[in-house]
There are 4 protein chains.
Amino acid sequence: MNHIRTGNGDDERIRQRRKQIITAAVQLFSERGYFQTTVQDIADTAGISAGLIYQYFRDKEDLLLLAILDVLDSYTAEIPRAVEEIADPLDRCCMAFRAYCRVVDGRQASTILAYRSTKSLPYQQRQVIKNAERQTNQIIMGYIEACIESGLFRQVDSEIATYQLVMYAHAWALKQWQLARRMDLETYVNQGLDLFLHAMLTDAGWQHLHRNRPGDAR
Amino acid sequence: MNHIRTGNGDDERIRQRRKQIITAAVQLFSERGYFQTTVQDIADTAGISAGLIYQYFRDKEDLLLLAILDVLDSYTAEIPRAVEEIADPLDRCCMAFRAYCRVVDGRQASTILAYRSTKSLPYQQRQVIKNAERQTNQIIMGYIEACIESGLFRQVDSEIATYQLVMYAHAWALKQWQLARRMDLETYVNQGLDLFLHAMLTDAGWQHLHRNRPGDAR
Amino acid sequence: MNHIRTGNGDDERIRQRRKQIITAAVQLFSERGYFQTTVQDIADTAGISAGLIYQYFRDKEDLLLLAILDVLDSYTAEIPRAVEEIADPLDRCCMAFRAYCRVVDGRQASTILAYRSTKSLPYQQRQVIKNAERQTNQIIMGYIEACIESGLFRQVDSEIATYQLVMYAHAWALKQWQLARRMDLETYVNQGLDLFLHAMLTDAGWQHLHRNRPGDAR
Amino acid sequence: MNHIRTGNGDDERIRQRRKQIITAAVQLFSERGYFQTTVQDIADTAGISAGLIYQYFRDKEDLLLLAILDVLDSYTAEIPRAVEEIADPLDRCCMAFRAYCRVVDGRQASTILAYRSTKSLPYQQRQVIKNAERQTNQIIMGYIEACIESGLFRQVDSEIATYQLVMYAHAWALKQWQLARRMDLETYVNQGLDLFLHAMLTDAGWQHLHRNRPGDAR
DNA sequence: TATGAATGAGAGTTCATTCAT
DNA sequence: GATGAATGAACTCTCATTCAT
């Protein structure tokens, strides 16, 4: 009774089409918002007919869910890649944060999408998004906890600390118009790290930091 | 030429009606979002006819602008009131932050409204909202700068520090679902202050803090 | 059961108010058309409240009927006045035509009003307007028939001849944009009379004309 | 960007639909007037849904413009067809006038439409209509000028003469209710021609006329 | 597979009219 | 007599979704 081509199987053609449509949806939802984007717009941008969309997705809401997840997934993918060669837990944590901010900077509109449009979805699907966000957070949290366990960070609540970092990164997109007037991304990230490290570093942490990069607080 | 009753004059009846409509709009826009709320919904909630709304507001967009501004104004009003009797700059700054978080907690949905729906407005009106946000921030920033000038805080960029606090407060609403599982507002605020003070306090600041409230980091 | 102040009695105040409202209605209906004019517009132009109009007129349609009649009545009044001192039937007929064209020129918008908006009225009231038009026509027709009886005009159907003249005058308003490019009112009237007289004058008529104004075809 | 099916291409199906909708619009606008006709009415008459109309026309105003042009175009098309086999310039001119009156008689309501509703359009589109009217007039004017050049008509201003004829034809529709009581179309046309020819014919013209149809003034 | 013509429910908005003051 | 706040019906227009081809 379900005539939608889900691409769960291994049919590459189907997965291709779904990707093509979602890409258009992410772009338009991000630029204009969910309600200001019509299904026809998405079809045009994807270069297909409007009717075809309904053979790959249940409805417009479905498209929104998948679009948001697509963005969140890209976070989860890109951050570990940026730190994969860094062994030092403090460096790794800092670099992960920098990477996060860079991704947010490169996809400001999409970042905002999740904030703006999640509420437009029904409860069930909102949970799916929340889980995806949690996964990204888990990655960052892991890096922080490593620093705590190494004695470099104080014994704070790692989840709160994670949100602190995550929100700071997101804030770059959410308040872009206010922040961008005053500084560039580089400065913003450095100041954020400065605040964060002052709040987190133990004496041992400070020593570790100065040993690695003397005369630098970051 | 313009038949909208603006309430700019001193006609109390008109201001009353406008307030009544805006209150309904804030509530519904906050709960359901701008596009999912119909003008009829607002009229029903306000207990009037749909047509009457158009004698007080130009269109639905106008209603959104005023609704958002109404929320922001309440911030600007409530924070100074919470600290008006506190003379010590450090205490005042901390208390302002606590007040801010409390207001956000009491109006979670409305706080999110500004984040979700500002983009639905045209450029001109978006500027109006930005200015209103800036005003609220100015209040907080003043408190922070007082601490810097007193030598209690380090010489950081006060605007960034302000955003740090503001975003932390907003985050309580934006990520409510994730945070509320783990802690109550009280804990959240205390942890935030803890992070913030560690990042900001000078040695003099720490001494000042311990003299006032021995054995407390906040 | 009829609470409308008709002004049929001799209450001067009521007649004054009605005149004031109708004047505004004629102006606005003429300029913008019936449907594009709101009752509020009329009230504003008349300098009264919208509600008051309904104490003098049944509804907006009533206002339209009276507005059209007001225009037609002014025709019926102005034409005889323009020829009242002219005894010669041919001169009188020509002068009446000139007067008609002049009135139409001075009230182009109002003239068009009757053409555009009569159909917006229900049957019953359309008849009233037709009668009023007929009355104006009767005046012109009387002048034409006097010429026929004097042997100056051929024995044509006087009603058709009347319409010929009336339509020619109205055409100045109806097709203003096309005609005004090419000539002024004076030229237009002279050409019209030229055509008309060539069509109507008997040999006796031509002699009569040349005796009065040698070397002139009008 | 523009999702309206214009039918400018050679897609027959689209042109068909547009024709179907315009036909319904012409009928209803003519019968009831522009503002008294709802888009739903037009859809019902055309046997389609209201929404579909907006896939073929921008808005109701667009529909009005096209409806008026449709009527004017039919004039431009039908008149030349009625005289295409007539070589004699005088006969051709008379026959064109008869044809014009016949078309007006067959489409009285539509003829009035242009007079009533053109003003409801914005300036730009009013120009388009004026041009279309000018084109129809050009055809008649050509026939009149041929008569003047042949020496059959006096050297009058051909544009004025054209309006004389055109307005006389339109008058049959505009004042139908007054005229139809007194005569049928045939009589009306004959009387109009009688007036017109008396005004226009030279001596040579009269001889030409009597040679062709002895004992007839038309 | 893919199209795009067609539907129809529902939204925002206007405005003639009424009626308490 | 006069006001203008309030109503609510009606209208135009949009757009997600379906389905015959």
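Small disclaimer: the values here were computed from a predicted structure and weren't measured. Just so it is clear: chains get the letters A, B, ... in the order the sequence lines come, proteins before strands, and each one is counted from 1.
Look at B:Y54 and you won't find any side-chain N or O under 4.0 angstrom from OP1 or OP2 of E:dC15. Listed pair B:R58 / E:dT13 fails the phosphate criterion, with no side-chain N or O lying under 4.0 Å from OP1 or OP2. C:R5 has a side-chain polar atom (N or O) that falls below the 4.0 Å cut-off from OP1 or OP2 of F:dG1. At the phosphate of E:dT1, neither OP1 nor OP2 sits under 4.0 Å from any side-chain N or O atom of A:R17.
In this entry the distance linking CG of B:L52 with C1' of F:dG4 reads 11 Å, nearest Å. Per the geometry, NE2 belonging to B:H3 stands 16 Å off C1' belonging to E:dT17, to the nearest Å. Protein atom CD1 of C:I42 is 17 Å distant from nucleotide atom P of F:dG4, rounded to whole Å. Between the CG atom of A:L63 and the C1' atom of F:dT17 there is a distance of 13 Å, rounded to whole Å. For the pair B:F57 CZ and F:dA6 C1', the interatomic distance rounds to 15 Å; values are reported in whole Å. We find that CD of C:Q16 is positioned 17 Å from C1' of F:dA2, with the value rounded to whole Å. Atom pair C:I48:CD1 and F:dG1:P shows a separation of 12 Å (rounding to whole Å applied). Atom CG of D:L28 is separated from atom P of F:dC11 by 13 Å (rounded to the nearest Å).
Closest approach to the A:D59 side chain among E:dT3, F:dT17, E:dA11 is made by F:dT17 (side chain taken as heavy atoms from C-beta onward). In the set E:dT1, E:dT7, F:dC13, E:dT7 carries the atom at the smallest distance from any side-chain atom of D:Q55. Out of F:dA2, F:dT12, E:dT7, the shortest distance to the side chain of D:V39 is found at F:dT12. Closest to the B:S49 side chain, of the nucleotides E:dT1, E:dG8, F:dT7, is F:dT7. Comparing E:dA16, F:dA2, F:dT12 by their closest approach to the side chain of C:K60 singles out E:dA16.
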Inset, instruction - Using a 3.5 Å limit on both pairing distances, list the dot-bracket string of DNA chain F from the 5' end; Watson-Crick and G-U wobble pairs count, crossing pairs take [ ], interstrand pairs take |. - result: .||||||||||||||||||||
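At a cut-off of 3.5 angstrom, counting only N and O atoms as typed in the model, there is no donor on one side facing an acceptor on the other between the side-chain of C:Q40 and the base of E:dA16.
Here D:I53 lies out of heavy-atom contact (under 4.0 Å) with every strand. Counting non-hydrogen atoms under 4.0 angstrom, B:Y56 reaches the backbone sugars and phosphates but no base.
Going from atom CG of A:L63 over to atom CD1 of A:I53 covers 6.0 Å, rounded to the nearest 0.5 Å.
Taking 4.5 Å as the limit, some side-chain heavy atom of C:I14 sits within range of a side-chain heavy atom of C:Y56. C:S117 places none of its side-chain heavy atoms less than 4.5 Å from the side chain of C:F35.
Along DNA chain E, the nucleotide closest to A:G47 and the one closest to C:Y34 are compared, and the more 5′ of them pairs with A:G47. In this structure, D:E61 and C:A50 both approach DNA chain F, and ranking their closest nucleotides by distance from the 5' end singles out C:A50. Judged by closest nucleotide on DNA chain E, D:I14 is the one of D:I14 and C:T38 placed further toward the 5' end.
For the pairing with C:I68, the side chain to side chain contact (heavy atoms under 4.5 Å, CB included) check across C:L65, C:V71, C:D70, C:L72 returns one residue only, C:L72.
Under the 6.0 Å distance and 45° angle rule, A:K119 does not count as a cation-pi partner of A:Y34.
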Inset, instruction - Applying side-chain contact (heavy atoms from CB on, under 4.5 Å), run through B:S30 and B:I112 and close with a yes or a no. - result: CA-CA 7 Å; B:S30 299; B:I112 295 175; over 6 Å; no
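No salt bridge links A:R5 with A:D11; every basic N to acidic carboxylate O contact stays at or beyond 4.0 Å. Electrostatic pairing of D:E12 and D:R15 counts as a salt bridge here, judged by a charged N lying under 4.0 Å from a carboxylate O.
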